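Since this is a predicted model, take the numbers as computed values, not measurements.
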Amino acid sequence: MQTSVPSANAWPDTDNLKPLVFPDLLNLVQTPDELAWQPFRPGVEMYRLYGSGDSGPSAALLRYQPGAQVPHHSHTGYEHIIVLAGGQRDRHGSYPAGTVVINAPGSGHAVASEEGCIVLIIWEKPVVIDEL
């Protein structure tokens with residue numbers, strides 16, 4: 001079944017807002033090359049759904065290659081992660097497909113995926129990548 005994939009940042013016309021709909025997101029993660037992934041971090045790609053990530057809320061799909069990681073970062077607002085395929089881990093535990101993780105404002109973590117994964121991530125406010 002061919003899935004119609006919404007374009008990233010699909011809301012340029014704010015006078016006629018329509019929902020951004022992924023009719024079969026779980027099937028889409030089985031054929032992820034249909035999306036126009038952009039580099040995010042080494043080994044991690046992003047497909048932005050909305051928002052710039054610079055201010056206000058935003059959401060994206062992240063695709064981790066096996067062994068990839070996102071460095072320690074701090075949350076300025078709530079961060080919701082839904083693991084759609086594969087698994088990821090942080091200092092608090094390991095999260096297989098189907099897991100929902102909610103990180104509170106003021107918290108922080110580094111994230112890694114030994115096997116690779118695809119996650120839906122929703123940020124209330126931008127995250128701050130901690131510089132070493």
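Contact check for I129 versus P71: side-chain heavy atoms found under the 4.5 Å cut-off. In this structure, H73 and V111 have side chains that are in contact, with non-hydrogen atoms separated by less than 4.5 Å. You'll find the side chain of L61 reaches within 4.5 Å of the side chain of L84, heavy atoms only. Looking only at side-chain heavy atoms (C-beta outward), L49 and L120 come within less than 4.5 Å of each other. When side chains are defined from C-beta on, D130 counts as touching S74, because their heavy atoms get closer than 4.5 Å. Residues P66 and E115 form no side-chain contact, since every pair of their non-hydrogen atoms from C-beta on lies 4.5 Å or further apart.
Hydrophobic clustering places I122 together with I102 (ILVMFWY residues linked when any side-chain heavy atoms are closer than 4.5 Å, directly or through intermediates).
By the side chain to side chain donor-acceptor pair (under 3.5 Å) test, N103 pairs with E79, sequence neighbours left out. Here P57 pairs with Y50 under the side chain to side chain contact (heavy atoms under 4.5 Å, CB included) rule; sequence neighbours left out. For T99, the side chain to side chain donor-acceptor pair (under 3.5 Å) test picks out no residue, with sequence neighbours left out. Legend: residues meeting side chain to side chain donor-acceptor pair (under 3.5 Å) with S107, ordered by chain and number and at least two apart, are H75. Remark: Q65 pairs with E45, R63 by the side chain to side chain contact (heavy atoms under 4.5 Å, CB included) rule, at least two apart or across chains. Partners of E114 under the side chain to side chain donor-acceptor pair (under 3.5 Å) rule, at least two apart in sequence or in another chain, are R89.
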- [ ] Apply side-chain contact (heavy atoms from CB on, under 4.5 Å) to I81 and V100, showing your working.
- [x] CA-CA 6 Å; I81 301 168; V100 175; over 6 Å; no
TODO: Just do the side-chain contact (heavy atoms from CB on, under 4.5 Å) check on V119 and Y95 with the steps written out, would you?
DONE: CA-CA 11 Å; V119 301; Y95 313 112; over 6 Å; no
Task: V127/T76 under side-chain contact (heavy atoms from CB on, under 4.5 Å): CA gap, chis, key distance, verdict - done: CA-CA 6 Å; V127 299; T76 62; over 6 Å; no
- [ ] Apply side-chain hydrogen bond (donor to acceptor under 3.5 Å, both in side chains) to the pair H109 and H72, showing each step before the final yes or no.
- [x] CA-CA 5 Å; H109 62 157; H72 193 275; over 6 Å; no
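To the nearest 0.5 angstrom, R48 atom CZ is 10.0 Å from I121 atom CD1.
The two residues A68 and P42 have their closest heavy-atom pair at CB-O, 4.1 Å. In this structure, G77 and K125 approach most closely via the heavy-atom pair N-CB, 3.9 Å.
At distances below 3.5 Å, at least one donor-acceptor pair connects side-chain atoms of W37 with backbone N or O atoms of P32. Side-chain atoms of S113 never come within 3.5 Å of backbone atoms of Y64 as a donor-acceptor pair (strictly under, hydrogens ignored).
Atom CZ of F40 is surrounded by more than 12 heavy atoms from other residues, nucleotides or ligands within 6.0 Å.
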